[in-house]
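This report concerns only the one structure given below.
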Amino acid sequence: MSVRRNGALDKAHTLIEALPWLARFHGATVVIKYGGNAMTEEHLRAKFAADVVFLRYAGLRPVIVHGGGPQIQSHLDLLGIDSHFVSGLRVTTPEAMQVVRMVLVGQVNRDVVGLINGHGPFAVGMSGEDAHLFTAERKHVVVDGVKVDIGQVGEIVRVEAGAVRALLDDGRIPVVSSVARGEDGGIYNVNADTAAAALAVALQASKLIVLTDVEGLYADWQPPAEGGDAGSGEEVVSRIGASELAALLPSLSSGMVPKMEACLAAVRGGVPQAHVLDGRVPHALLLEVFTDEGIGTLVEPDAAVPAVPDGIGATADGAVNGEVAR
C-alpha cells in the first residue's frame, strides 16, 4: 500500500506505457522547431532543454531549429531600426539583417546550447550558413497583384546536411539558427518553420515537431474580431491527411499558415509524421513522443495513398526541391 501511496506505482505505469514508443523511435532522427512561449518563458525553456536531453538518452537523435522573432524585435527597437511586416514576413533591410544575424547566431543560439549543455556535453550550435547547410534565394511577395521586394528574406533552395549528420553520428544535438547563405554572396533571414521542414526532409527524419503557442490546428477556428487580440477555437484536429490540410490552408490564420505549410512540405517530402504542439504545455515533447494519447495535431501522408518513401525530395547530398522550401 505504501508503494501506491507515494506514487511509485503510477510512475512505473507511465514508464511501461512509453515502452513501445521507445522501441519504435530508438535511433530515429527527430527535427524540432523551437520558438514561441517555449523559448521566452524561463520555466518552459528549462523543461524544453531537459526534454531534448531525455530524448537523446532514450536513443533518439534530436535536431533543433530555432527562430527568435521576439528577441529580434527587442533589439531592433533598442537600436531604433524600423521594422515592419508585409504578408506576414519581416521586411529585412541590410541594417536589420545585421541585427537578425547577431541575435539568432550570437544570442538565441548560444542560450539554447547553454541550456541543453547544462545536462551534459551534447549541444553544438551552428548557423544555416555553416558548411552551406542552407542555401537561399531572395524571396518576394505579391501584394494586390504587385511583386514586392522585402529585402534579405530568403527561400531555401538547397540543403547540405552532412555537417548535421556528422554531429548526430557523434552523439551530439545540433542546434541550428535559421539564417541562410545565398549563392549571390548575400545572407538571408529564413522562416524557421520552413527551415525545419527542409532539414527534416534532407535528413530523412522520422518526425518533424513544430512548437507553437496554440493547442494545434482548430477545426472551429474563429478569427479575431476587429480590434481583438486573438482568435478562438475549441475543437483541435488530432489527425489530418496531406490533401485535406492543403485544402484548408487558404482559410487558416496568417500565423498558422507557415507552420502547417511546413508540416505539409515535410510529409510530402517523405517525413512520415509532422506534429504541431502547444509549447506552453510543460514537457509537450515527451507527451507527444512517449504517450498513447499524444497531443496537438498530427499531419500524415494521405491514407489512401502509400506514404512517400524516406528520401523522396532529397538528393544524395541532401539537396531539396523548391516545394519543400515554400
Side-chain angles (χ1 to χ4, degrees), residues 33-40 64-112 125-160 175-199 210-213 252-262 265 320 322-326:
K33 188 271 177 164
Y34 179 45
N37 282 56
M39 178 181 282
T40 57
I64 314 302
V65 178
H66 69 84
Q71 295 91 332
I72 291 169
Q73 189 62 55
S74 177
H75 275 72
L76 290 171
D77 292 343
L78 185 66
L79 296 171
I81 298 174
D82 177 60
S83 178
H84 63 280
F85 291 79
V86 174
S87 297
L89 295 172
R90 186 189 301 275
V91 176
T92 308
T93 63
E95 187 179 26
M97 188 64 224
Q98 290 183 5
V99 176
V100 170
R101 193 185 197 189
M102 175 186 71
V103 171
L104 291 183
V105 181
Q107 177 191 338
V108 178
N109 191 271
R110 304 319 308 166
D111 288 347
V112 178
M126 60 187 303
S127 162
E129 299 172 65
D130 294 336
H132 291 186
L133 175 57
F134 296 141
T135 299
E137 292 179 350
R138 185 178 289 259
K139 183 180 180 71
H140 294 81
V141 297
V142 177
V143 179
D144 297 328
V146 179
K147 193 174 182 180
V148 178
D149 183 4
I150 52 175
Q152 290 177 242
V153 176
E155 181 173 11
I156 296 175
V157 294
R158 188 166 65 255
V159 178
E160 297 182 19
V175 179
V176 182
S177 57
S178 54
V179 176
R181 66 179 286 273
E183 290 184 338
D184 58 2
I187 304 299
Y188 291 98
N189 181 18
V190 298
N191 180 277
D193 301 308
T194 302
L199 184 55
V210 178
L211 295 180
T212 184
D213 288 341
L252 300 182
S253 64
S254 59
M256 204 64 176
V257 168
K259 300 176 191 331
M260 301 315 301
E261 281 188 335
V320 297
E323 181 183 7
V324 172
R326 281 195 304 275

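Values below: every heavy atom of this structure, side chains too, minus hydrogens, waters and symmetry copies.
Rounded to the nearest 0.5 angstrom, N191 CG and K33 NZ are separated by 7.0 Å. Annotation: the span from E137 atom CD to E155 atom CD amounts to 7.5 Å, rounded to 0.5 Å. Interatomic distance, T92 OG1 to I187 CD1, rounded to the nearest 0.5 Å: 13.0 Å. In this structure, NE2 on H66 lies 6.5 Å from CG on L104, to the nearest 0.5 angstrom. Here the straight-line distance linking atom OG1 of T135 with atom CD of E129 works out to 10.5 Å at 0.5 Å rounding. To the nearest 0.5 angstrom, I72 atom CD1 is 5.5 Å from R90 atom CZ.
By the ring pair (Phe, Tyr, Trp, His ring centres under 6.0 Å) test, Y188 is found to be paired with no residue, residues two or more places apart in sequence or in another chain being considered. Judged as a side chain to side chain contact (heavy atoms under 4.5 Å, CB included), and not counting sequence neighbours, the contacts of V257 are L252, E261. Among residues two or more places apart in sequence or in another chain, the side chain to side chain contact (heavy atoms under 4.5 Å, CB included) test is passed with A195 by V65, F134, I156, S178, V190.
The shortest side-chain heavy-atom distance between V159 and L133 falls under the 4.5 Å cut-off.
Smallest separation of non-hydrogen atoms from N109 and G125: OD1-CA, 3.2 Å. Residues G68 and M39 come closest through the heavy atom pair CA-SD, 4.3 Å. Closest approach of A262 and T194 over heavy atoms only: CB-N, 4.3 Å.
A side-chain donor-acceptor contact under 3.5 Å links D130 to the backbone of S127.
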* From CA spacing to verdict: side chain to side chain contact (heavy atoms under 4.5 Å, CB included), Q152, R138 -> CA-CA 6 Å; Q152 290 177 242; R138 185 178 289 259; 4.3 Å; yes

* **Check against side chain to side chain contact (heavy atoms under 4.5 Å, CB included), E183 and H132** => CA-CA 10 Å; E183 290 184 338; H132 291 186; over 6 Å; no

* **Criterion side chain to side chain contact (heavy atoms under 4.5 Å, CB included) on M97 and V179, from CA distance to verdict** => CA-CA 10 Å; M97 188 64 224; V179 176; 4.1 Å; yes

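Within a 6.0 Å radius of CZ in R181, other residues, nucleotides and ligands contribute more than 12 heavy atoms. In E95, the CD atom is not crowded: 12 or fewer heavy atoms of neighbouring residues, nucleotides or ligands sit closer than 6.0 Å.
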